[in-house]
Amino acid sequence: MQQPKNLNRLLRALSRQGLDVSYDNKVYSICLNSSLKENWQDADAQTAEVLLPEGFPVEAKALKQLASLANVRHPQGGCVCRACATPDFHPGDSGVAIGSIVETAGMVIPAAVGSDINCGMRLHVGDLSIEQFLSQRDRFVELLKGDYFFGTRDVSMTATTAGAMFQHGIPGWLDALRDKPTGSAANSDFEQLASECDRTFLGGSMNGGVKWAPEELVPNDGLVRDGGLGTIGGGNHFVEIQVVEEVIDRATAYTWGVRSGQIAFMIHSGSRNVGKYIGGMWRDRACEAWPKTLKHPESRLFPLSVAANPELVSSYLQAEATAANYGFINRLLLAEFLRLRLRQVFGDVEAPLVYDVPHNITLAEGAGWVTRKGACPAHLGQPVIVPGSMGAPSYLLVGKGNDRFLRSASHGAGRARSRFDMSREGVDKTDSALGLTGVDCITLREERRIEEAPAAYKPIQPVIDVQVEAQIVGVVAKMKPVLTFKA
DNA sequence: ATGTGC
């Protein structure tokens with residue numbers, strides 16, 4: 001067994017901080033020892049596993065956050081059945097590491113999904129050569145810049161279409177739009193969008209969305225408040241033009257309509273301000289619902305127990321579904337602007353959907369629920385989309401349904417340096433030191449390029465390799481970036 | 001993640 005150089009020192013340091021960690025064949029097993037346990041937690045500590053490429057840096061803070069998540073319990077009923085993390089995991093600032101997956105029974109943990117509800121990936125391929133694309137690049141970019149950054153697009157909705165969106169996600173929203181077309185989407189091909197629901201995770205609809213649009217989101221004037229619908233968002237979110245560089249699993253790629261040399265469109269975004277609003281509200285409500293007689297858990301991860309507060313659990317899941325439905329439609333609209341501009345500039349170009357999948361969501365799965373925070377579902381045979389960093393390749397994979405890692409794959413390469421660190425240290429560095437050479441990044445904010453530069457991320461290849469080796473996914477195709485829009 | 005932040 002080969003170990004990272006400073007492994008033993010790291011393990012001793014973690015032990016002093018209340019964490020027992022062991023390492024075997026690229027898997028870390030983490031367990032809280034008594035010093036970090038809450039006094040009412042009489043049960044044995046729950047172990048969590050992390051898969052990491054050999055020699056990869058491990059952050060103590062992320063391990064600690066994962067161990068805390070694995071040991072969330074509700075004194076009135078509810079426990080974690082299993083917890084693990086993907087190779088791209090890194091510390092999160094709300095106390096949950098990005099790349100954590102947790103299976104719970106009898107409770108849900110709103111903080112485990114957080115604010116970025118239904119952040120996810122969407123991939124289209126187009127019948128357009130990269131040469132054709134580059135010949136009209138400037139015109140295409142100018143039009144899309146207007147859509148994504150300056151709001152030249154129209155996403156207005158009536159209260160009826162907005163309500164259908166929040167309650168039913170893509171299919172219900174399409175039905176409402178058919179009756180009363182509004183906004184840019186009114187120019188869309190509804191039949192095509194409807195037919196693409198079967199290439200969208202859960203059909204593009206979370207069951208249990210609220211039966212009305214929340215008052216805070218749809219005021220009495222009947223127009224939906226712009227929660228950022230049809231915008232990319234910050235951080236690692238992007239819209240990217242790519243080319244399918246290599247097809248590895250030809251049979252699967254063929255079934256999914258992906259061929260070598262095709263142009264590809266990859267979207268990484270979520271539910272924007274709606275998720276922020278709902279996630280923040282339920283972080284507070286979960287805290288308020290904690291039994292008054294007990295002190296707060298040090299991790300500040302408050303579960304909602306089915307036994308203690310069944311109505312709160314179902315209200316939370318409804319609220320999460322509401323934001324998730326919005327997230328599905330946000331990605332769909334980002335793709336629609338792309339397709340509309342593609343047709344405008346290049347004529348009759350088909351750009352069918354390959355797949356759309358959330359990597360930040362709670363699903364009824366396993367013994368109760370599985371919450372993935374920055375981890376892509378990787379059920380058997382399911383398409384998995386893993387973006388690289390800016391300038392690095394992205395991957396289309398197929399899930400293998402690996403139960404040990406809760407049927408989940410990474411959602412990227414993983415951050416190596418925080419945005420703050422990059423904004424402080426990156427300004428003095430050259431583009432080549434930041435890995436920014438040959439990257440065609442369209443953004444209005446120079447600091448985004450630096451904060452999100454390839455140097456801020458870990459290398460994607462070892463992250464993919466270790467997941468293939470662990471039988472979490474198989475590689476279907478590799479896409480190389482051509483041009484990236486960052487907000 | 002968020003028109004943010006040490």
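Chain naming here is simple, since letters A, B, ... match the order of the sequence lines and numbering starts at 1 in each. None of the values given here were measured: they were computed from a predicted structure.
The separation between A/E451 atom CD and B/dG5 atom C1' is 9 Å, rounded to whole Å. Rounded to an integer number of Å, the gap from A/H90 NE2 to B/dA1 C1' is 11 Å. Atom pair A/E452:CD and B/dG5:C1' shows a separation of 15 Å (rounding to whole Å applied). Atom CZ in A/R445 sits about 11 Å away from atom C1' in B/dT2, given to the nearest Å. Separating the CG atom of A/N330 from the P atom of B/dT2 is a distance of 10 Å, rounded to the nearest angstrom. One can place CZ of A/R419 at 8 Å from P of B/dT2, the figure rounded to the nearest angstrom. Remark: P of B/dT2 and CG of A/L229 are 14 Å apart, rounded to the nearest angstrom. Look at NE2 on A/H359: it is 8 Å from P on B/dA1, rounded to the nearest Å.
A close approach under 4.0 Å does not occur between any side-chain nitrogen or oxygen of A/N360 and OP1 or OP2 of B/dA1. Note on A/R424: every side-chain N or O is 4.0 Å or more away from OP1 and OP2 of B/dG5. The side chain of A/N273 places no N or O atom within less than 4.0 Å of a non-bridging phosphate oxygen (OP1 or OP2) of B/dA1.
Of the inter-residue distances, the one linking A/H237 atom NE2 with A/R448 atom CZ reads 10.5 Å to the nearest 0.5 angstrom.
Residues A/H411 and A/D88 have side chains that bring a donor and an acceptor to within less than 3.5 angstrom of each other. No side-chain donor-acceptor contact under 3.5 Å links A/E336 and A/S184.
Checked by distance alone, A/D93 brings a side-chain donor or acceptor within 3.5 Å of a matching partner on the base of B/dA1. Between the side chain of A/R448 and the base of B/dT4, a donor-acceptor pair under 3.5 Å is found.
At the heavy-atom level, A/G270 lies nowhere under 4.0 Å from the strands shown. Among the atoms of the strands shown, only primed sugar atoms or phosphate atoms (P, OP1, OP2) are found under 4.0 Å from some heavy atom of A/G233. Nucleic acid contact for A/G114: none, since no nucleic acid atom lies under 4.0 Å from a heavy atom of the residue.
Here B/dT2 is the nucleotide among B/dC6, B/dA1, B/dT2 with the atom lying nearest to any side-chain atom of A/R272.
No option in A/R272, A/E320, A/R331 other than A/R331 meets the side-chain hydrogen bond (donor to acceptor under 3.5 Å, both in side chains) test with A/N118.
Salt-bridge annotation for A/E288 and A/R285: absent, with no side-chain N of the basic residue lying under 4.0 Å from a carboxylate O of the acidic one.
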